[in-house]
Amino acid sequence: MEKTYQEKITTLLTEITTLKKKSDQISMYRLLFIIGLLVVVYQLFKLNEIVGGLSIVGGILGFYYLVKHHEKIDAEVDLKETTLAVIQNELTCLEEISGMYYNGQEYGRPTHNFSEDLDIFGEGTLFHLINRTKSKSGSDYLAQQLLGEKQTFSISQKQEAVKEMAAKTDWRLSFFASMFKISNEERGVSKVLNQIEHPPVLKLEKFIAIYAKILPFLWVSVFASAYFVSPSFAGYGVAALALINFRLTGINRSHTEEYFETVAGAGRLMEKFGVATGLIAQENWQSEILKTTHEQLPISKLITKNPIDDFVVILKKLDMRRNMLASLFLTLATPFQPVQLIKLRAWLKENPDFFEKIFDVIGVFELYASIGNLHFNKPDWCFPAINNSKTFKLYGQEMGHPLINTKNVVCNSFDFDERNRLTLITGSNMSGKSTFLRTVGLNIILAYAGCPVFAKKMSVSDGIKLICYMRIKDSIQQNASTFKAEIERIKLVLAAINNNENALFLIDEMLRGTNSEDKLAGSMALLEKIVNSNAYAMVATHDLRMTEISEEYPDVVKNYYFEYATENGELLFDYLIKEGVCKSFNASLLLKSIGLPIGEKL
């Protein structure tokens with residue numbers, strides 16, 4: 001995929017150079033057009049005033065075309081330059097989890113079954129690895145998938161959507177580029193747009209609506225009177241209409257200004273989402289999820305095919321009031337602000353729940369574009385097979401930790417079923433016990449979200465409830481000690497057992513917040529509870545006495561371990577899981593290496 005990105009960078013640089021040359025040429029044409037127009041108009045006016053006037057109109061239309069064509073080319077340049085930045089960011093992400101996208105910190109829940117234990121949200125986490133969303137709805141959908149919440153579609157349907165997205169490389173990069181410049185602070189634009197959905201009622205609103213419709217005819221009549229009546233009469237007409245326009249604008253200014261401040265700038269932001277919406281609307285989709293979501297895209301009843309474009313045009317016009325000169329001329333011609341507010345209200349009435357629908361569609365496409373991008377960036381990862389067996393089964397061939405760079409990670413194969421329903425893992429410090437537990441947990445979360453997993457081959461049962469007891473913290477704010485926090489986590493485990501839930505527990509060194517004797521007694525009691533239930537568990541421990549339970553329950557309990565070696569006084573780890581019980585530990589060696597005189601008399 002790195003080669004693909006490099007090829008696209010080369011192509012984009014060539015296209016950008018060509019487009020910039022065209023842009024420079026059009027700038028020159030515009031200048032020459034204005035000079036030529038002035039000369040032509042001057043000569044035509046000398047021949048005939050009517051012909052001269054018509055030439056001005058034609059010249060304005062021609063210049064308008066050049067300006068719009070220039071804007072279109074500049075927009076293409078901007079999109080391609082942004083796509084270039086997107087690709088460069090993806091190349092960075094191949095080496096490390098980049099900070100260009102939101103890390104999902106707001107979704108972290110200290111009391112959740114696994115989000116804190118498995119590094120789901122925050123800097124350098126699973127969310128941060130996958131996320132390419134720019135809307136609040138998109139990041140909400142991704143968070144829900146990783147937490148296993150609001151699961152509407154099957155895993156196979158999700159995988160189908162992900163594969164389709166991964167295959168549409170050019171579309172996906174353009175989609176990301178369309179929203180790439182939206183900051184994390186602007187993700188919540190939907191809240192602002194919800195406020196826009198309720199514009200204030202105007203004074204004399206019905207009169208203004210009727211007046212706006214007949215105003216063009218009044219202006220034509222006024223200008224015609226200059227020829228048929230007298231110029232002075234036309235002047236009075238102009239003054240009268242301008243006075244009415246200013247008055248209708250003025251009486252509504254006080255209670256519309258706050259609303260207009262809310263509206264200000266939303267047009268520019270929505271324009272970026274409009275490009276993304278256009279890309280969604282114009283593409284053909286085959287997978288069930290994406291096809292169904294595409295059909296839910298609201299279609300505007302006004303001018304254009306892109307649902308957001310009509311709305312953006314109105315907001316842009318409202319934003320013109322900030323230019324004093326433009327605002328003056330517009331208000332002279334029409335009660336500009338009240339008229340645009342009436343148009344906006346009519347648009348909102350014709351498009352109920354528009355923003356909710358639009359951002360819901362954008363969010364779903366952002367979700368699967370993000371996961372599809374992960375699939376494209378990680379071609380060695382596989383899609384797991386999902387089995388519907390009543391009992392939990394997990395098989396992973398060469399599973400790796402998704403958050404560790406592929407170049408540095410050590411992979412392990414593991415078969416988990418009823419024969420090792422309780423898996424005990426011993427090993428020295430830093431040997432890989434906790435990392436292995438997180439490897440299993442994170443790959444299960446990826447599998448259930450429809451993502452590829454970091455494994456050569458993997459199969460997993462559907463519907464397992466994952467509960468982790470790993471990263472236990474005290475909390476001053478919640479007046480909770482480490483031991484109290486552990487008690488709360490054990491209550492979660494017991495509740496799942498008592499409710500006969502299809503659960504998998506990942507436990508790392510339980511009851512570390514109490515003395516060794518109580519720790520052993522409590523740990524053994526919990527292991528007995530797990531063995532005599534239908535639950536599954538992987539338990540990492542330093543206490544070899546806990547491994548003796550395998551002698552009592554050999555059909556469901558198995559021991560595994562990680563080990564280390566020493567060479568020239570240095571510790572060497574292979575991070576490979578092996579069957580059996582660890583016989584050597586390294587805490588004393590590590591403490592001695594930092595100068596603590598263990599075993600020596602002071």
- [ ] Taking the side chain as every heavy atom from C-beta outward, state whether Gln159 and Pro384 have any atom pair closer than 4.5 Å.
- [x] yes

- [ ] Please report the C-alpha distance between Tyr469 and Phe114 in whole Å, then the side-chain angles of each, then the deciding distance to 0.1 Å, and finally whether the side-chain contact (heavy atoms from CB on, under 4.5 Å) criterion is met.
- [x] CA-CA 8 Å; Tyr469 172 177; Phe114 57 76; over 6 Å; no

TODO: Give a yes or no on whether the backbone of Lys393 and the side-chain of Ser461 come within a donor-acceptor separation of less than 3.5 Å.
DONE: yes

Open item on the list: Tell me whether Lys8 is salt-bridged to Asp170, with the criterion being a basic N under 4.0 Å from an acidic carboxylate O.
Closed with: yes

Task: Under 3.5 Å side-chain donor-acceptor pair for Asn412 and Tyr575 - done: no

Open item on the list: Less than 3.5 Å apart, any donor N or O on the side chain of Glu90 or Asn377 sitting next to an acceptor on the other?
Closed with: yes

Open item on the list: Over 60° means perpendicular and under 30° means parallel, so tell me whether Phe414 and Phe416 are parallel, tilted or perpendicular.
Closed with: tilted

Open item on the list: Has Arg421 got a side-chain atom pairing as donor or acceptor with Ala535's backbone, closer than 3.5 angstrom?
Closed with: yes

Task: From CG (Leu576) to OG (Ser413), nearest 0.5 Å - done: 9.5 Å

TODO: Look up atom CG in Leu504 and atom CG in Leu466, then write down how far apart they are to the nearest 0.5 Å.
DONE: 5.5 Å

TODO: Mind listing the closest non-hydrogen atom pair of Gly450 and Lys158 along with its distance?
DONE: CA-CB, 3.8 Å

Open item on the list: Which label fits Phe383 and His375: parallel for a plane angle under 30°, tilted from 30 to 60°, or perpendicular past 60°?
Closed with: perpendicular

Open item on the list: Quick test of your reading of the model: are Lys136 and Asp140 salt-bridged, counting only N-O distances below 4.0 Å?
Closed with: yes

TODO: Mind checking the CE-CG spacing from Met179 to Leu279? Nearest 0.5 Å is all I need.
DONE: 8.5 Å

Task: Lys/Arg-Asp/Glu bridge criterion (N-O < 4.0 Å) met for Glu366, Lys134 - done: no

TODO: Working to the nearest 0.5 Å, report the span between OH of Tyr102 and OG1 of Thr133.
DONE: 9.5 Å

Open item on the list: By the definition side-chain contact (heavy atoms from CB on, under 4.5 Å), identify the one residue from Leu12, Asp78, Ile16 that meets it with Thr83.
Closed with: Leu12

- [ ] May I ask you to say whether Arg438 pairs ionically with Asp508, meaning some side-chain N is under 4.0 Å from a carboxylate O?
- [x] no

- [ ] Measure the acute angle between the ring planes of Phe121 and Tyr107, then classify it against the limits of 30° and 60° as parallel, tilted or perpendicular.
- [x] tilted

Open item on the list: Between Glu486 and Arg489, does any NZ, NE, NH1 or NH2 come within less than 4.0 Å of an OD or OE carboxylate oxygen?
Closed with: no

Task: Val581 backbone acceptor or donor facing Thr547 side chain under 3.5 Å - done: no

- [ ] Identify whether NZ of Lys or CZ of Arg in Lys456 sits under 6.0 Å from the centre of the six-membered ring of Trp381 and within 45° of that ring's axis.
- [x] no

TODO: Measure the spacing between OG1 of Thr82 and CG of Leu173 and express it to the nearest 0.5 Å.
DONE: 12.0 Å

Open item on the list: I'd like to know if the side chain of Asp462 pairs up with that of Asn387 as donor and acceptor (distance under 3.5 Å, no hydrogens or angles considered).
Closed with: no

Task: Value rounded to 0.5 Å, distance of OG1 in Thr439 from CD1 in Ile404 - done: 6.0 Å

- [ ] Please find out if less than 6.0 Å separates the ring center of Phe365 from that of Tyr141.
- [x] no

Task: Glu15 and Lys20: CA distance, side-chain angles, deciding distance, salt bridge (charged side-chain N to carboxylate O under 4.0 Å, His left out) verdict - done: CA-CA 9 Å; Glu15 291 174 350; Lys20 282 185 173 180; over 6 Å; no

Open item on the list: Quick check against the 3.5 Å criterion: does Glu164 have a side-chain atom that pairs as donor or acceptor with the backbone of Gln286?
Closed with: yes

TODO: Would you check if there is a donor-acceptor pair between the side chains of Glu160 and Ser287 at a distance under 3.5 Å?
DONE: no

Open item on the list: Using a 6.0 Å distance limit plus a 45 degree cone around the ring axis, check whether Lys578 lies over the aromatic ring of Tyr560.
Closed with: no

Open item on the list: Please check: side-chain N/O of Gln144 versus main-chain N/O of Gln151, any donor-acceptor pairing under 3.5 Å?
Closed with: no

Task: Identified side-chain contact (heavy atoms from CB on, under 4.5 Å) counterpart of Lys558 within the set Ile425, Leu424, Asn420 - done: Asn420

